Amino acid sequence: MPPILCPHCRRLISSDEPRCPHCGLHAPGMRFRRALLGWLQPGPRELVRGLITVNVAWFGLSLLVDPAGLGGSLNPLAFLSPSDRGLFLMGATGSLPVLRLGRWWTLLAANFLHGGLLHLFFNMAALAQIGPFVAREYGTARFVALYLLTGAAGFLVSVLAGVGLTIGASASLLGLIGAAMYYGRARGGVYGEAVFRQMGGWTVGIFLFGFLLPGINNWAHGGGLAAGFALGHLLGFREQRPEAPWHRLLALGLAGLTVLSLLWGVVGVVAWRLG
């Protein structure tokens, strides 16, 4: 029988296996089960492509919210930038929205907003390179938890540091880098050290970039990086222990809260339009 990927653990097995020898899934070769679990539990690259699609779609929507407010900027990362009013309505976070207005939901929503076309491109290019590795080594559920929690943690640090308004996926990207650094350090050996050094190079480059260009939220970067390293230890990666049901529940809960926060931003836009 031809080999297939187990729809649960994504490892190569024979399609006639009565049970996956790696994760124990019953009848992994059933076509309906493969299709259903493949949709519910996408592979690393499919999951990252889905995140990129959401970010691109939300950027396009943010441009349409207030077309009259589109403007230029001396910051190249703000080329083709949504208006501040549009970004605020859709969920930009910071000390002003969170501490003064109580918009805590923006800690999740701001992760999917970007201040310009180049800002979006650089973040998505980095996500396309780093994301599949982290999703493969940690598993898709833990990847989702890492991506969403580290973004919120990075923004929370910037709120406490007094950053007035901020957006972008870079806090989550640094969170993924932090988790990859923990993986490299904990795994050890030649491969682990190579991963640690490569991720360290990414970190140095991103922080240098942040100090050279105006408007970069280095507080969120630092908070995301620290949160990623800590959560990498708390959640564990696949070689340490397999994904547990609570990992999937955590990822599902965070994803649900994120969807609600994004929809709440849309509600704010509609209310402003109708007001």
Side-chain angles (χ1 to χ4, degrees), residues 48 51-52 55-56 59 72-82 84 87 92-95 107 110-135 137-138 143 146-188 190-233:
V48 171
L51 277 175
I52 291 174
N55 275 276
V56 171
F59 176 71
S73 171
L74 295 177
N75 184 351
L77 291 181
F79 172 72
L80 192 61
S81 57
D84 288 342
L87 291 173
T93 194
S95 59
L107 293 174
N111 200 16
F112 294 87
L113 296 171
H114 289 84
L117 185 61
L118 287 180
H119 186 200
L120 174 72
F121 173 78
F122 286 142
N123 278 348
M124 295 304 99
L127 177 58
Q129 293 184 59
I130 299 168
F133 168 79
V134 177
E137 301 302 341
Y138 279 87
F143 172 83
L146 283 166
Y147 187 84
L148 298 177
L149 276 177
T150 58
F155 284 137
L156 181 59
V157 169
S158 65
V159 166
L160 298 177
V163 178
L165 205 66
T166 184
I167 51 172
S170 53
S172 287
L173 291 173
L174 267 296
L176 297 181
I177 290 173
M181 291 180 72
Y182 170 77
Y183 167 83
R185 181 61 72 198
R187 188 183 189 279
V190 175
Y191 179 65
E193 288 301 317
V195 170
F196 185 83
R197 286 196 302 270
Q198 184 180 22
M199 292 300 117
W202 270 92
T203 303
V204 172
I206 290 173
F207 275 99
L208 283 176
F209 194 68
F211 284 115
L212 290 174
L213 283 179
I216 304 297
N217 188 352
N218 289 305
W219 287 105
H221 289 178
L225 182 70
F229 197 92
L231 284 170
H233 171 69

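Computed from a predicted structure; not experimentally measured.
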According to ring-ring contact (aromatic ring centres under 6.0 Å, His included), who are the partners of [X], at least two apart in sequence or on a separate chain?
X: Tyr183; result: Phe133, Phe237
X: Phe143; result: none
X: Phe196; result: none

Would you give the length of the straight line joining atom [atom1] of [X] to atom [atom2] of [Y], rounded to the nearest 0.5 angstrom?
X: His119; Y: Ile216; atom1: NE2; atom2: CD1; result: 6.5 Å
X: Ile167; Y: Phe59; atom1: CD1; atom2: CZ; result: 9.0 Å
X: Met181; Y: Met199; atom1: CE; atom2: CE; result: 9.0 Å
X: Leu225; Y: Ser170; atom1: CG; atom2: OG; result: 12.0 Å
X: Tyr182; Y: Tyr138; atom1: OH; atom2: OH; result: 7.0 Å
X: Ile177; Y: Thr203; atom1: CD1; atom2: OG1; result: 5.0 Å

Go through Tyr147 and Val134 one step at a time and tell me if the side-chain contact (heavy atoms from CB on, under 4.5 Å) criterion holds. CA-CA 10 Å; Tyr147 187 84; Val134 177; over 6 Å; no

Could you go through Arg187 and Val195, starting from their C-alpha distance and side-chain angles, then the distance that decides it, and tell me whether this counts as side-chain contact (heavy atoms from CB on, under 4.5 Å)? CA-CA 10 Å; Arg187 188 183 189 279; Val195 170; over 6 Å; no

Residues passing the salt bridge (charged side-chain N to carboxylate O under 4.0 Å, His left out) test with Arg185, sequence neighbours excluded, are Glu193

Can you name the one residue among Ile130, Leu173, Leu176 that meets side-chain contact (heavy atoms from CB on, under 4.5 Å) with Trp202?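 It is Ile130, the one option of Ile130, Leu173, Leu176 that forms the side-chain contact (heavy atoms from CB on, under 4.5 Å) with Trp202.
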
Heavy-atom check, side chain of Leu120 versus side chain of Val56, under 4.5 Å: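 They are in contact (side-chain heavy atoms under 4.5 Å apart), so the answer is yes.
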
Hits for side-chain hydrogen bond (donor to acceptor under 3.5 Å, both in side chains) against Thr93, two or more places apart or cross-chain, chain-then-number order -> Thr106

Mind listing the side-chain donor-acceptor pairs of residues 151-165 below 3.5 Å, one per line with the distance, residues two or more places apart or on another chain?
from: Ser158; atom 1: OG; to: Phe155; atom 2: O; distance (Å): 2.7
from: Ser158; atom 1: OG; to: Asn217; atom 2: ND2; distance (Å): 3.4

